[in-house]
There are 2 protein chains.
Amino acid sequence: MASDMFEFCSNMTEEQDARARALIERAAAKWPLRILHVLSDAGAPLRFSRLLERVEGISQKVLTQTLRTLENDGLVIRTLYPQVPPRVEYELTPLGRDLLMQVAALWRWIVERLENFDARKAVKLTAAAV
Amino acid sequence: MASDMFEFCSNMTEEQDARARALIERAAAKWPLRILHVLSDAGAPLRFSRLLERVEGISQKVLTQTLRTLENDGLVIRTLYPQVPPRVEYELTPLGRDLLMQVAALWRWIVERLENFDARKAVKLTAAAV
DNA sequence: CCGCATCCTTTTAGATACTG
DNA sequence: CAGTATCTAAAAGGATGCGG
């Protein structure tokens, strides 16, 4: 069984498990992570159009979709200022900042070992062990 | 600018950055994470057909594809025993185990705060702050 | 037994045009 | 400005049959 690295998820309902898996998957996915990163770097609320500029390569549609999901997950706050033309600002919630810190730790761990992630390394180690 | 949570990725080439992003995304993705989890739980090499049974809901095609990617990333080792019928076993590499531990830490962090990931919580906090 | 090749369906994303 | 609507392209996934 290996020492139980996943003991923490033994007392969960299927629904909770699915929710946690969805959250971890989304937090590490391309667009959500870039958006959270940009909002964190900005350190202040950003308008929709600023995000569209700074999140390189994202389309308007995908930006909208992803922001909705991040909002539903409680990671960003959307504030509408009812003006003409309208102004909408997005900012990280405390939870969003905390989650990003956790993901950043994993990211950093990977970056520090980047050269090890290569099939050839694994083959060499196996050969050496035999 | 916010205190620099991402200082570690400032001295990277675009290629390295892309590689790191791909790795973090894959490590947290549905099928790779389930496969790594099953291999970790097993604590021993598993045959292809055992994986197909234990990774609930995966198709043969996707299992093959995902295992190839995990192999290329140096996270699992594939061992072919040239018998008739053939026998193929998969096991975690040390790097695969270590990466899974890092992801498990993030996963656990999320599970422990599962109830906070909800837009209503964020709204309440905002309202309270105003 | 393992897994590739093919075909088909579903999902996801990009481009463009349009509205309050 | 901040979206929505529509269409198309691309990617992911399932089903099935074949081959070493």
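Heavy atoms only: backbone and side chains are in, while hydrogens, waters and symmetry mates are out. All chains are named by letter (A, B, ...) in the order of the sequence lines, taking the proteins before the strands, and each is independently numbered beginning at 1.
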Nearest-Å distance for atom pair [atom1]/[atom2], residues [X] and [N]:
X	N	atom1	atom2	value
Arg78(B)	dG3(C)	CZ	P	5 Å
Leu63(A)	dA2(D)	CG	P	10 Å
Leu52(A)	dA13(C)	CG	P	16 Å
Leu67(B)	dC2(C)	CG	P	11 Å
Lys61(B)	dT6(C)	NZ	C1'	9 Å
Trp31(A)	dA13(C)	CH2	P	9 Å
Glu56(A)	dG14(C)	CD	P	13 Å
Leu80(B)	dG20(D)	CG	C1'	11 Å

Considering only side-chain heavy atoms of Tyr90(B), which listed nucleotide, dC2(C), dG3(C), dG14(C), is closest?
-> dG3(C)
Ser49(A), nearest nucleotide to its side chain (from dC2(C), dG14(D), dC1(D)) =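 The closest nucleotide is dC1(D).
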So what does Arg68(A) hit on the nucleic acid, given a heavy-atom distance under 4.0 Å: a base, only sugar-phosphate, or nothing?
-> sugar-phosphate
Determine, step by step, whether Leu46(B) and Tyr90(B) satisfy the side-chain contact (heavy atoms from CB on, under 4.5 Å) criterion, reporting the C-alpha distance in whole Å, the side-chain angles of both residues, the deciding distance to 0.1 Å, and the verdict.
-> CA-CA 5 Å; Leu46(B) 286 181; Tyr90(B) 295 89; 5.6 Å; no
Just wondering, more than 12 heavy atoms not from Glu115(A) lying within 6.0 Å of its CD?
-> no
Donor-acceptor check, side chain of [X] to backbone of [Y], threshold 3.5 angstrom: yes or no?
X	Y	result
Arg87(A)	Gln83(A)	no
Thr66(A)	Trp31(A)	no
Gln16(A)	Thr13(A)	yes

In terms of the nearest nucleotide of DNA chain C, which residue is placed more toward the 5' end: Pro85(B) or Lys30(A)?
->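 With Pro85(B) and Lys30(A) compared, the 5'-side residue is Pro85(B).
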Ranking Gln65(A) and Phe48(B) by the position along DNA chain C of their nearest nucleotide, the one closer to 5' is Phe48(B)
What pair of heavy atoms forms the shortest contact from Ala27(A) to Leu99(A), and how long is it?
-> CB-CD2, 3.9 Å
Could you label the plane-to-plane angle of the His37(B) and Phe6(A) rings as parallel, tilted or perpendicular, counting under 30° as parallel and over 60° as perpendicular?
-> parallel
Could you list by number each residue of residues 16-28 of chain B showing a heavy-atom separation from DNA chain C of less than 4.0 Å, or answer none if no residue does?
->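 Under 4.0 Å from DNA chain C: no residue of residues 16-28 of chain B.
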Can you tell me if the side-chain N/O atoms of Arg47(A) get under 4.0 Å from OP1 or OP2 in dA2(D)?
-> yes
Any side-chain N or O of Ser59(A) less than 4.0 Å from the OP1 or OP2 oxygen of dA15(C)?
->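 Answer no for this pair, as no side-chain N or O of Ser59(A) is under 4.0 Å from OP1 or OP2.
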Over its full length, what angle do the end axes of the helix from dC1(C)-dG20(D) to dG20(C)-dC1(D) make, each axis taken from five pairs and the result rounded to 10 degrees?
->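 Answer for the end axes of this duplex: 40°.
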Base dC1(D) paired with Gln60(A) side chain (donor-acceptor, <3.5 Å) | no
Going by the side chain to side chain contact (heavy atoms under 4.5 Å, CB included) test, name the single residue among Leu33(B), Leu95(B), Leu75(B), Leu39(B) that passes it with Leu100(B).
->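 Single side chain to side chain contact (heavy atoms under 4.5 Å, CB included) partner of Leu100(B) among Leu33(B), Leu95(B), Leu75(B), Leu39(B): Leu33(B).
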From CA spacing to verdict: salt bridge (Lys or Arg N to Asp or Glu O under 4.0 Å), Glu112(A), Arg108(A) = CA-CA 6 Å; Glu112(A) 286 169 350; Arg108(A) 177 177 187 159; 3.0 Å; yes
Separation of Ser10(A) OG from Asp17(A) CG (nearest 0.5 Å) | 10.5 Å
